[in-house]
Amino acid sequence: MKILFFSTYYYPYISGLTTYPKQLFADLGSKNEITILTFRYHQTLKTTTIIDKTKVIRMPYLFRLSKGFISPQSIIYFKELAGKNDLIILNLPNFEGFVLALIAKILGKKLLAIFHCQVYLKKNLFNYLINFALNLSLYLQMLLSDQIIGYTQDYVTNTTLGKLFRRKFIFSLPPIENLTINPAYLNELIAKKQQKIWLGYSGRVAQEKGLEDFIKAVVQL
């Protein structure tokens with residue numbers, strides 16, 4: 001198949017939003033023609049490159065608004081590439097993908113969405129406006145999607161948007177590379193730990209992850 005995947009950010013930007021599709025398309029790229037459409041978030045990045053057998057096209061933009069991009073010129077890319085592909089996949093959350101979703105439906109293209117999470121920004125007037133616009137765009141993209149891929153039923157059913165579109169969801173855990181354990185390093189950690197209890201965090205260091213609550217809990221323990 002010819003697959004067009006849109007994501008606001010893509011590798012080498014590192015987050016769950018980019019790690020998931022990179023691993024996915026590294027596998028699918030051997031049997032399908034995949035184009036990644038994203039934004040050139042840093043000037044050192046090439047506008048077109050090949051990553052894991054997939055073509056990555058980075059669009060220009062006028063300016064950023066929080067983590068989003070204001071890019072009227074993206075409509076040209078959306079229209080041109082949507083017509084050349086059989087399947088269009090949206091990487092959610094994003095603000096900019098609504099136009100692509102609308103074009104996909106007008107052209108009668110199959111439209112899927114990968115729903116990573118719903119964004120909840122810290123409460124202030126500016127963030128409220130951004131959150132409202134983002135969630136409105138997410139709602140419209142999910143409304144237009146034929147199916148939505150979610151990680152777990154538990155997470156999806158505890159989000160506002162997940163509840164609204166529950167019938168469209170299919171659940172599949174992200175593809176994970178089966179890494180090999182280093183026995184020497186494992187034994188070193190076990191010797192260091194002994195009978196102590198270790199508490200750890202694995203994830204992106206960001207305010208919305210609630211790390212301050214984790215630290216407060218550690219202090220109490």
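Computed from a prediction, not measured in an experiment: that's the story for all the values here.
Between the CZ atom of Phe132 and the CG atom of Asn127 there is a distance of 15.0 Å, given to the nearest 0.5 Å. Here the straight-line distance linking atom CE of Met142 with atom CD1 of Ile148 works out to 4.0 Å at 0.5 Å rounding. Lys53 NZ to Asn32 CG: the interatomic distance, rounded to the nearest 0.5 Å, is 11.5 Å.
Using a 4.0 Å cut-off between charged nitrogen and carboxylate oxygen, Asp52 and Lys22 count as a salt-bridge pair.
Here the closest heavy-atom approach between residue His116 and residue Pro93 is recorded as CB-CD, 4.3 Å. For the residue pair Ser7 and Thr38, the shortest heavy atom distance occurs at O-OG1, 2.9 Å. Closest non-hydrogen pair, Phe95 versus Leu134, comes out as N-CD1, 3.8 Å. Smallest separation of non-hydrogen atoms from Ser74 and Met59: CB-SD, 3.6 Å. Heavy atoms only, all atoms of each residue included: Leu90 and Gly97 are closest at CD2-O, 4.2 Å. Here the shortest heavy-atom pairing between Leu138 and Leu92 reads CD2-CD2, 3.9 Å.
Between Leu221 and Leu199 there is a side-chain heavy-atom pair separated by less than 4.5 Å. Side-chain contact between Thr54 and Thr35: absent, with no pair of heavy atoms (C-beta onward) separated by less than 4.5 Å. Asp86 is not listed as a side-chain neighbour of Lys110, based on a closest heavy-atom distance of 4.5 Å or more. The side-chain heavy atoms of Tyr41 and Arg64, taken from C-beta on, include a pair separated by under 4.5 Å.
With hydrogens and angles disregarded, no donor-acceptor distance shorter than 3.5 Å links the side chain of Glu96 to the backbone of Thr8. For Thr157 (side chain) and Gln153 (main-chain N/O), a donor-acceptor pair under 3.5 Å exists by modelled atom type. Put simply, the side chain of Thr159 never gets that close to the backbone of Gln118: no donor and acceptor are under 3.5 Å apart. Checking side-chain atoms of Ser15 against main-chain N and O of Leu17 turns up a donor-acceptor pair under 3.5 Å. A donor-acceptor pair under 3.5 Å is formed between the side chain of Ser71 and the backbone N or O of Pro60. A distance-only check finds no donor-acceptor pair linking the side chain of Asn91 to the backbone of Pro21 [under 3.5 Å]. Remark: the backbone N or O of Leu143 is paired with a side-chain donor or acceptor of Lys168 at under 3.5 angstrom. A donor-acceptor distance shorter than 3.5 angstrom exists from the side chain of Asn124 to the backbone of Phe126, with no hydrogens or angles considered. With hydrogens and angles disregarded, a donor-acceptor distance shorter than 3.5 Å links the side chain of Lys109 to the backbone of Asn85. Although no hydrogens or angles enter the test, the distance criterion places a donor-acceptor pair under 3.5 Å between the side chain of Gln141 and the main chain of Asn94.
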Begin with the C-alpha distance, continue with both residues' side-chain angles, and end with the deciding distance and a verdict on side-chain contact (heavy atoms from CB on, under 4.5 Å) for Leu100 and Leu4.
-> CA-CA 10 Å; Leu100 176 58; Leu4 175 63; 4.3 Å; yes
With salt bridge (Lys or Arg N to Asp or Glu O under 4.0 Å) as the test, would you mind laying out the steps for Lys216 and Glu212 before giving the verdict?
-> CA-CA 6 Å; Lys216 289 175 183 177; Glu212 63 273 21; over 6 Å; no
Run the side-chain contact (heavy atoms from CB on, under 4.5 Å) check on Thr160 and Asn135 step by step: do they pass?
-> CA-CA 10 Å; Thr160 305; Asn135 285 330; over 6 Å; no
Check step by step if side-chain contact (heavy atoms from CB on, under 4.5 Å) holds for Glu33 and Lys2.
-> CA-CA 5 Å; Glu33 184 180 325; Lys2 290 185 177 182; 3.6 Å; yes
How far apart are the C-alpha atoms of Arg58 and Phe39, what are their side-chain angles, what is the distance that settles it, and do they pass the side-chain contact (heavy atoms from CB on, under 4.5 Å) test?
-> CA-CA 5 Å; Arg58 302 184 189 277; Phe39 287 100; over 6 Å; no
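Other residues, nucleotides and ligands place no more than 12 heavy atoms under 6.0 Å from the CD1 atom of Ile181. More than 12 heavy atoms of other residues, nucleotides or ligands sit less than 6.0 Å from atom CD1 of Ile70. A 6.0 Å sphere centred on CG of Leu179 holds more than 12 heavy atoms belonging to other residues, nucleotides or ligands.
Leu129 and Phe69 fall into different hydrophobic clusters, where Ile, Leu, Val, Met, Phe, Trp and Tyr residues are linked whenever their side-chain heavy atoms come under 4.5 Å apart, directly or through other members. In this structure, Ile106 is a member of the same hydrophobic cluster as Leu81, with clusters built from ILVMFWY side-chain heavy atoms closer than 4.5 Å. When the side chains of ILVMFWY residues are joined at heavy-atom separations under 4.5 Å, either directly or via intervening members, Leu164 and Leu140 end up in a single hydrophobic cluster. Linking ILVMFWY side-chain heavy atoms closer than 4.5 Å, directly or via other members, places Val156 and Tyr120 in two distinct hydrophobic clusters. Hydrophobic clustering places Tyr77 together with Leu107 (ILVMFWY residues linked when any side-chain heavy atoms are closer than 4.5 Å, directly or through intermediates).
Between Phe214 and Tyr201, the two ring planes are tilted [angle within 30° to 60°]. Phe78 and Phe6 have perpendicular rings, their planes meeting at more than 60° on a 0 to 90° scale where under 30° would count as parallel. Using bins of under 30°, 30° to 60° and over 60° for the plane-to-plane angle, the ring pair Tyr155/Phe115 lands in the tilted bin. Ring pair Phe165/Tyr139 is tilted by interplanar angle, where 30° to 60° counts as tilted.
Counting only residues at least two apart or in different chains, side-chain hydrogen bond (donor to acceptor under 3.5 Å, both in side chains) contacts with residues 185-200 are absent. Within the structure, the salt bridge (Lys or Arg N to Asp or Glu O under 4.0 Å) test picks out the following pairs touching residues 145-166 (sequence neighbours left out): Lys105-Asp146.
Under a 4.5 Å side-chain heavy-atom criterion applied to ILVMFWY residues, the cluster that includes Tyr10 comprises Met1, Ile3, Phe5, Tyr11, Ile14, Tyr20, Leu24, Phe25, Leu28, Ile34, Ile36, Ile51, Val56, Leu87, Ile89, Leu112, Ile114, Ile149, Tyr151, Ile170 as well.
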